[in-house]
Amino acid sequence: MRFLAFLRCSIGVCVCACTATPLPEAPAAPSPDLIDTESGTSMNAFVGEAGSVDPDVIVRVWSLGDTIPPQDTRADDEGAFAIQPTGAGPFRFEALDDEGNRSAPLDLDGEANVLRADECLRMATQLALEIDNADVISIENGCGAPVDLMVEFRAPAPIEVSTAMVRVANDDSIDLSVRATEAAEEILRVQVSGAITETRAVTVFTVSP
């Protein structure tokens, strides 16, 4: 959606007539304070209390340590949900409404502890793509020393990325070019070593133009 504004001006008088269609609001990100693990289960089972997500949204959970497709469940009218991922953690939670609008992600370990990325390495956690139109993931290194990046998708997908391995000097940045050849959704994993050691995840998904 775009805001449309028409400005009409005459001598000494400027009249602004505006028509606008509001941008759709993305669902709120899942609240880590209201999500916990369920006791007495042999596998990771997560329970979101009322208000953990917006009412009636789809809760999508990615098993970041596995290649299985994401698993979905729908929250109730109070924003509560329960889900038991079958893949290996850590786990990424996203909330989606029925129009496909998507929340910011929440990454948790198997005990529902929040996984926080080192702030010295700046990069997006999500990328929306139109099919056959490339976009970039910008990565900025302020960690005090070079970082080496190994880039790969968690599972095969019709999405291309410009490089598989790259070094980024301190106080430098790079752009990873990403292009989808057909409708798809997958996690791009960025393994970081050097100044810091961690694995980042970027949800890459296609959208209609």
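None of these values were measured; they are calculated from a predicted model.
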Sub-4.5 Å side-chain heavy-atom contact between I159 and L129: yes

Option among L176, V178, D175 that satisfies the side chain to side chain contact (heavy atoms under 4.5 Å, CB included) test with V136: D175

Could you see if V151 belongs to whatever hydrophobic cluster contains I196? Use Ile, Leu, Val, Met, Phe, Trp, Tyr and a side-chain cutoff under 4.5 Å. yes

With rounding to the nearest 0.5 angstrom, report the CD to CE distance, Q191 to M165. 9.5 Å

Picking from P105, P70, S63, P85, what satisfies side chain to side chain contact (heavy atoms under 4.5 Å, CB included) with R92? P105

Nearest heavy-atom neighbours spanning D76 and E78: OD1-N, 2.8 Å

Taking side-chain hydrogen bond (donor to acceptor under 3.5 Å, both in side chains) as the criterion, tell me which of E94, E185, R102, E186 meets it with T203. E94

For atom CZ of R167, is the number of surrounding heavy atoms from other residues, nucleotides or ligands below 6.0 Å larger than 12? no

Shortest non-hydrogen contact from T86 to Q71? N-OE1, 2.8 Å

V204 and V161: side-chain contact (heavy atoms from CB on, under 4.5 Å), yes or no, with the steps? CA-CA 11 Å; V204 180; V161 63; over 6 Å; no

F93 vs F46 aromatic rings, parallel, tilted or perpendicular, using cut-offs 30° and 60°? perpendicular

When rounded to the nearest 0.5 angstrom, what distance separates CD1 in I187 from OG1 in T199? 12.5 Å

Roughly how far, to the nearest 0.5 Å, is the CE atom of M150 from the OG1 atom of T163? 11.0 Å

Would N113 and L108 count as a side-chain contact (heavy atoms from CB on, under 4.5 Å) here? Give the steps. CA-CA 5 Å; N113 298 308; L108 301 177; over 6 Å; no

Where A80 and A50 come nearest, the two heavy atoms and their spacing: CB-N, 3.7 Å

Can any side-chain N or O of R116 pair as donor or acceptor with the backbone N or O of D107 at less than 3.5 Å? no

Between the main-chain N or O of A155 and the side-chain N or O of T67, is there a donor-acceptor pair closer than 3.5 Å? no

N/O donor-acceptor pair under 3.5 Å between N101 side chain and A26 backbone: no

When you measure from the side chain of N141 to the backbone N and O of A169, does any donor-acceptor pair fall under 3.5 Å? yes

State yes or no: do L96 and F205 share one hydrophobic cluster built from I, L, V, M, F, W and Y residues joined by side-chain heavy-atom distances below 4.5 Å, directly or via other members? no

CD1/I58 to CG/D72 distance, rounded to the nearest 0.5 angstrom? 6.0 Å

CD of E49 to CG of D36: how many Å apart, nearest 0.5 Å? 7.5 Å

Pairwise side-chain contact, I139 with V147, heavy-atom cut-off 4.5 Å (strictly under): no

Answer yes or no: is there a donor N or O on one side and an acceptor on the other, between the side chain of E182 and the main chain of P158, under 3.5 Å? no

Using 0.5 Å steps for rounding, measure from the CD atom of E140 to the CD1 atom of I174. 11.0 Å

Work out which heavy atom in P30 is nearest to a heavy atom in P32; give both atom names and the distance. O-CD, 3.4 Å

Decide whether I83 and L64 are clustered together by the hydrophobic rule: side chain heavy atoms of Ile, Leu, Val, Met, Phe, Trp, Tyr closer than 4.5 Å, transitively. no

With a 3.5 Å distance limit and no angle check, can you tell me whether R122 reaches the backbone of S138 through a side-chain donor-acceptor pair? no

Please test D56 against D77 for side-chain contact (heavy atoms from CB on, under 4.5 Å), starting from the C-alpha separation and ending with a verdict. CA-CA 5 Å; D56 302 315; D77 57 7; 4.0 Å; yes

Membership question, hydrophobic clusters at under 4.5 Å side-chain separation (ILVMFWY): are L127 and L149 in the same one? yes

Might you point out which heavy atoms bring R200 and V192 nearest each other, and give the distance in Å? CG-CG2, 4.3 Å

Would you say V202 and V61 are hydrophobically clustered, going by side-chain heavy atoms of ILVMFWY under 4.5 Å? no

Of all the heavy-atom pairs spanning A112 and I35, show the shortest one and how long it is. CB-O, 3.9 Å

Any ion pair linking R179 and E160 (charged N to carboxylate O, less than 4.0 Å)? yes

Do E130 and V207 pass the side-chain contact (heavy atoms from CB on, under 4.5 Å) test, and can you show the C-alpha distance, the side-chain angles, and the key distance before you say yes or no? CA-CA 5 Å; E130 294 180 6; V207 295; 4.3 Å; yes

